[in-house]
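Inspection log for the structure reproduced underneath, given as structure tokens.
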Amino acid sequence: MRDDPEAAEYYRRLNSEQLVLSLSKLDARIRDRFPNAGLARVCQDLIVITRDNSARAARIGRRDGWLWFAVFAVMAACIAGFSYLGWLVVASNFVNLSKPDNVYNFIQGVDAFIHVFFVIGGLLFFLVSMEDRMKRRRALSAINELRSFIHVVDMHQLTKEPASSLAGGAPTPNSPKRTLTPFELARYLDYCSEMLALIAKVAALYAQALPDPVIVDAVSDLERLASNLSQKIWSKITLVHSLAGAKAMAGGHDAESTTPTTSHPDAVEEEL
């Protein structure tokens with residue numbers, strides 16, 4: 001397999017199909033455990049967006065044949081126009097420079113030629129770089145859409161507070177419903193973290209298709225945002241395990257000291 005160039009290329013580049021497959025598996029896991037959760041619908045929307053972004057990134061990576069045909073047509077017309085203009089200057093003024101009027105007209109013709117040369121050169125540069133600007137604009141628009149999706153995922157885990165769920169306390173009329181067990185809460189937060197990582201990988205498709213410095217910086221900024229939010233989520237997961245472990249130990253000690261016949265020290269461990 002090492003000698004197969006296609007296999008080597010497969011492991012060196014992000015594969016959009018594998019991203020869709022990973023998201024589909026994540027969606028199935030979320031629906032199995034939380035069938036009525038909004039996070040499942042978010043993941044399903046993300047699968048659709050990933051398919052669209054994969055096709056969009058592939059289009060961005062390809063050259064626009066019609067655009068380059070138009071660019072070369074304009075370049076050919078400019079070269080032909082310059083050649084004709086140069087021939088006119090030579091034919092009308094350069095043949096006989098002994099007359100003062102011809103010298104003056106020749107200088108004016110050269111000055112006009114240089115001016116037109118820079119104007120046409122700027123036009124050609126604009127046309128040649130137009131494709132990259134169009135691709136950059138489309139890629140940045142898609143990356144901003146993915147950035148918004150990251151914030152949507154963050155909103156779904158915002159009210160999943162381990163301390164409020166495990167420490168108890170009387171809820172207020174406007175308190176969010178906290179019905180998840182410690183195990184379910186940890187799994188929910190883990191799904192959010194995994195979804196954030198996959199969103200960052202979808203954005204990386206654009207940097208892979210168009211290694212433009214602006215696109216690379218935008219993707220890197222999105223990855224930092226996803227990483228920071230994921231660290232916040234994993235802090236919650238760590239707190240869930242810590243509080244659940246402390247609660248299990250406290251429950252075990254209370255059971256041993258009071259009613260050993262009805263105690264069940266492994267109850268919380270089995271639930272986790």
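This structure is a prediction, so every number in the text was calculated from the model and none was measured.
- A heavy-atom distance below 4.5 Å is not found between the side chains of Lys232 and Asn228.
- Counting heavy atoms from C-beta outward, Tyr188 and Arg33 have side chains that stay 4.5 Å or more apart.
- In this structure, CG in Asp52 is found 12.0 Å from CD1 in Ile47, a value given to the nearest 0.5 Å.
- Using modelled atom types, one side-chain atom of Ser22 and one backbone atom of Gln18 make a donor-acceptor pair closer than 3.5 Å.
- When all heavy atoms of Leu146 and Ile199 are compared, the pair lying nearest together is O-CG2, 3.8 Å.
- Rounding to the nearest 0.5 Å gives a distance of 7.0 Å between CZ of Arg147 and CG of Leu225.
- Remark: Ser193 OG to Gln231 CD distance equals 9.5 Å, nearest 0.5 Å.
- The shortest non-hydrogen separation linking Ala200 to Glu223 is CB-CG, 3.9 Å.
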Note to self: Run Asp190 and Trp234 through side-chain contact (heavy atoms from CB on, under 4.5 Å) and show every step you take.
What the structure shows: CA-CA 8 Å; Asp190 182 55; Trp234 273 100; 3.3 Å; yes
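- The shortest heavy-atom contact between Leu222 and Ala203 is CD2-CB, 3.7 Å.
- The nearest pair of heavy atoms linking Asp27 to Ala40 is OD1-O, 3.4 Å.
- Taking 4.5 Å as the limit, every side-chain heavy atom of Val202 sits out of range of all side-chain heavy atoms of Leu14.
- Within the structure, no pair that satisfies the side-chain hydrogen bond (donor to acceptor under 3.5 Å, both in side chains) test touches residues 35-48, not counting sequence neighbours.
- In this structure, the side chains of Thr238 and Ser242 come closer than 4.5 Å at one or more pairs of heavy atoms.
- The minimum heavy-atom distance between Ala207 and Val219, with the atom names listed, is CB-CG2, 4.0 Å.
- Phe183 places none of its side-chain heavy atoms less than 4.5 Å from the side chain of Val240.
- Leu39 has its side chain out of reach of Gln157: every pair of non-hydrogen atoms, C-beta onward, lies at least 4.5 Å apart.
- Applying the side-chain hydrogen bond (donor to acceptor under 3.5 Å, both in side chains) rule to pairs touching residues 199-217 yields Asn53-Tyr206, Arg136-Asp212, sequence neighbours excluded.
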Item checked: Stepwise side-chain contact (heavy atoms from CB on, under 4.5 Å) test for Ile143 and Ile215 -> CA-CA 9 Å; Ile143 292 172; Ile215 302 302; 4.1 Å; yes
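- The distance from atom CD of Glu194 to atom SG of Cys43, rounded to the nearest 0.5 Å, is 8.5 Å.
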Next item on the list: Test side-chain contact (heavy atoms from CB on, under 4.5 Å) on Val42 and Leu46 and set out the steps.
Entry: CA-CA 6 Å; Val42 173; Leu46 183 58; 5.5 Å; no
Checklist line | side-chain contact (heavy atoms from CB on, under 4.5 Å) between Leu205 and Ser16, worked out | finding: CA-CA 8 Å; Leu205 290 173; Ser16 59; 4.1 Å; yes
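- With respect to Arg29 and Asp32, no salt bridge is recorded, no charged nitrogen being found less than 4.0 Å from a carboxylate O.
- To the nearest 0.5 Å, the span separating CD1 on Ile150 from OG on Ser230 amounts to 10.5 Å.
- Once rounded to the nearest 0.5 Å, the distance linking CZ of Arg51 with CD of Glu17 reads 10.5 Å.
- Side-chain contact between Ile233 and Leu196: present, with at least one pair of heavy atoms (C-beta onward) separated by less than 4.5 Å.
- Put simply, the side chain of Leu198 does not reach to within 4.5 Å of the side chain of Met195, judged on heavy atoms.
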